[in-house]
Participant: 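Take a look at the following structure, please.
What you see below is based on every heavy atom in this structure, not just the backbone, and it leaves out hydrogens, waters and symmetry mates.
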Amino acid sequence: MKINPFSMKPINPYSAQQRTAKSVQNSQSFADKIEISSAAKEMQETSSYSAERAERVQKLKADIESGNYKVNARKVAEDMLKYYRF
């Protein structure tokens, strides 16, 4: 009786599955596209708000430098409590 060693050729089940590359033919270019939402467009149009805010900031700076700006401690404390309670 002749005994041969038990060995098989390695089997790779994925070798039978050939991947085919799909050729994508698209008439569109591959350039990046950007779309701006309507909310963002509205924000761009409301530049008057930023001008008003800049004017107010300048007024506050002037008041602080001259010493005329007074802080209402009670209002600050109330607002802090509202913020941390909710």
Participant: Hey, are R56 and E52 close enough for a salt bridge, meaning a charged N less than 4.0 Å from a carboxylate O?
Facilitator: no
Participant: At what distance, to the nearest 0.5 angstrom, does CZ of R74 lie from CG of D79?
Facilitator: 12.0 Å
Participant: Is it the case that one hydrophobic cluster holds both V76 and L81, taking links as side-chain heavy atoms less than 4.5 Å apart, direct or via other members?
Facilitator: no
Participant: Within this structure, what is the CD-CG distance for the pair E55 and L60, rounded to the nearest 0.5 Å?
Facilitator: 11.0 Å
